[in-house]
Protein chains: 2
Amino acid sequence: MEQIAEKKKAILESTLDLIREKGFHGTPMSLVAKNAGVAAGTIYHYFDSKDKLICEVFTYIMDNMMEAVKQHDKEEMTYQARFFNVWRSQLRFYLENPKVLVFFEQFVNSPYNELIGHNRHDKLRQHLKLFLSNGVEAGYLRRVNPEVLSVLVLTNVITTAKMIRRGEINQESPEIEQIAEILWKGISL
Amino acid sequence: MEQIAEKKKAILESTLDLIREKGFHGTPMSLVAKNAGVAAGTIYHYFDSKDKLICEVFTYIMDNMMEAVKQHDKEEMTYQARFFNVWRSQLRFYLENPKVLVFFEQFVNSPYNELIGHNRHDKLRQHLKLFLSNGVEAGYLRRVNPEVLSVLVLTNVITTAKMIRRGEINQESPEIEQIAEILWKGISL
DNA sequence: TGCCACCGAATGAACGTTCGGTTGACGCGC
DNA sequence: GCGCGTCAACCGAACGTTCATTCGGTGGCA
């Protein structure tokens with residue numbers, strides 16, 4: 001990945017921040033500029049339009065997340081341990097980057113999503129799918145379409161992160177492990 | 001529930017339609033009016049503002065959905081059968097009302113959501129929570145916070161509906177039953 | 001001198017909302 | 001039955017604001 005110019009990065013982060021707070025239409029470019037410590041015109045030096053900016057924020061996030069998940073995976077662990085590890089890496093990422101959760105969910109369910117070929121966040125999904133597919137072949141998991149399995153895992157983590165963010169469960173609570181176990185119990189043999 | 005005036009209903013449906021297609025900011029009031037066969041001013045006869053309109057669309061949907069779920073529930077069935085039945089009712093509702101899915105997900109992850117009291121207290125979730133809570137007490141389900149259980153069930157159904165909509169699984173496929181079974185296996189004792 | 005990153009006031013279009021006005025249904029006194 | 005007043009439903013042109021985007025300009029570096 002190439003170096004991202006400092007101002008460009010500031011713009012991306014500022015956009016992410018504001019959209020989390022105020023949603024897509026609540027965030028005018030002027031505010032994005034102000035919060036990034038940049039002039040309005042400067043945004044257009046780096047991004048063609050607001051739409052393009054928002055799409056780039058998305059890919060910027062996904063790259064970060066993919067990085068985090070891969071970094072923590074240890075291939076020498078048992079399959080089950082790896083599973084819980086991958087699950088926790090994702091959860092940790094969401095908790096450490098709370099901006100991401102709202103933005104991500106908002107983006108995925110918006111028409112912007114179709115402006116990108118919807119293959120970008122598939123990198124993470126692809127990774128997960130392969131991992132789960134191996135689990136099926138090795139007899140650890142139920143024989144279910146890995147496509148389906150991967151989606152179940154991804155949404156399960158997001159759901160957990162959302163509950164924590166909303167204060168419905170505590171970040172330290174054993175309930176979190178319970179959720180991962182429910183998922184594992186459901187999909188494993 | 002009281003009768004909804006015809007034009008009011010047309011406005012609600014039109015809003016739902018447009019937001020599904022174009023998102024919140026892609027749908028100007030003028031278009032909502034046009035598609036509902038109504039003058040722009042008329043909308044303001046029924047709704048204070050665009051925000052209020054969108055919030056009312058949400059509760060309008062939730063009421064419909066609640067209705068559908070309750071209608072299919074048969075208390076004389078076994079607990080497990082009722083569980084699958086509730087799960088299927090929700091799925092059926094999403095499939096029969098495809099507009100709802102996108103709108104719903106968009107709404108929940110937007111700042112509008114906070115304009116209504118926390119949707120933690122919405123009627124459907126309350127209903128489900130009670131049902132699951134009973135399951136825990138009766139020894140059918142793992143002893144897990146019913147709040148958590150209800151969220152897991154709700155998101156599981158939504159995830160399934162989304163996969164079907166995106167064509168990742170077929171509406172007739174046995175994979176759908178598998179997903180419900182995975183959930184049941186995870187949360188049951 | 002030319003180029004690049006950057007600035008920020010100005011522009012113009014889009015959009016939410018308002019408001020003065022029309023229509024038609026309904027009640028009431030005669 | 002008729003005239004009259006009232007009021008809710010409804011219309012749509014017009015208003016004022018907000019906001020994405022533009023563009024002429026500035027400073028610094030090669």
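Below, chain A is the first sequence line, B the second, and so on; all start at residue 1. Remember, it's a predicted structure, so these values are computed and weren't measured experimentally.
Other residues, nucleotides and ligands place more than 12 heavy atoms under 6.0 Å from the OH atom of B:Tyr46.
Between A:Lys129 and B:Glu168, no side-chain nitrogen of the basic residue sits less than 4.0 Å from a carboxylate oxygen of the acidic one, so the salt-bridge criterion is not met. Taking a cutoff of 4.0 Å between a charged side-chain nitrogen and a carboxylate oxygen, A:Glu147 and B:Arg166 do not qualify as a salt bridge.
Taking a heavy-atom distance under 4.0 Å as the criterion, the stretch of DNA chain C touched by chain A extends 5' to 3' from C:dA5 to C:dG8.
Looking only at distances, no side-chain donor or acceptor of B:Lys162 sits under 3.5 Å from a matching main-chain atom of B:Val102.
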Under 3.5 Å, which protein N or O atoms sit close to an N or O of nucleotides 19-22 of chain D? Give each pair with its distance.
residue	atom	partner	partner atom	Å
D:dA20	OP1	A:Lys50	NZ	2.6
D:dA20	OP2	A:Met29	N	2.3
D:dT21	OP2	A:Tyr44	OH	2.6
D:dT21	OP2	A:Lys50	N	2.8
D:dT21	O5'	A:Tyr44	OH	3.4

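Using modelled atom types, one finds a donor on one side chain and an acceptor on the other under 3.5 Å when comparing A:Tyr60 with A:Glu13. In this model, a donor atom of one side chain and an acceptor atom of the other lie less than 3.5 Å apart for A:Asn145 and B:Glu175.
Atoms NZ (B:Lys7) and P (D:dA9) sit 12 Å apart, rounded to a whole Å.
Between B:Phe103 and B:Phe58, the ring-plane angle classifies as tilted under the 30° and 60° cut-offs.
Listed by chain and residue number, A:Arg92 satisfy the side-chain hydrogen bond (donor to acceptor under 3.5 Å, both in side chains) test with A:His72 (two or more places apart in sequence, or in another chain).
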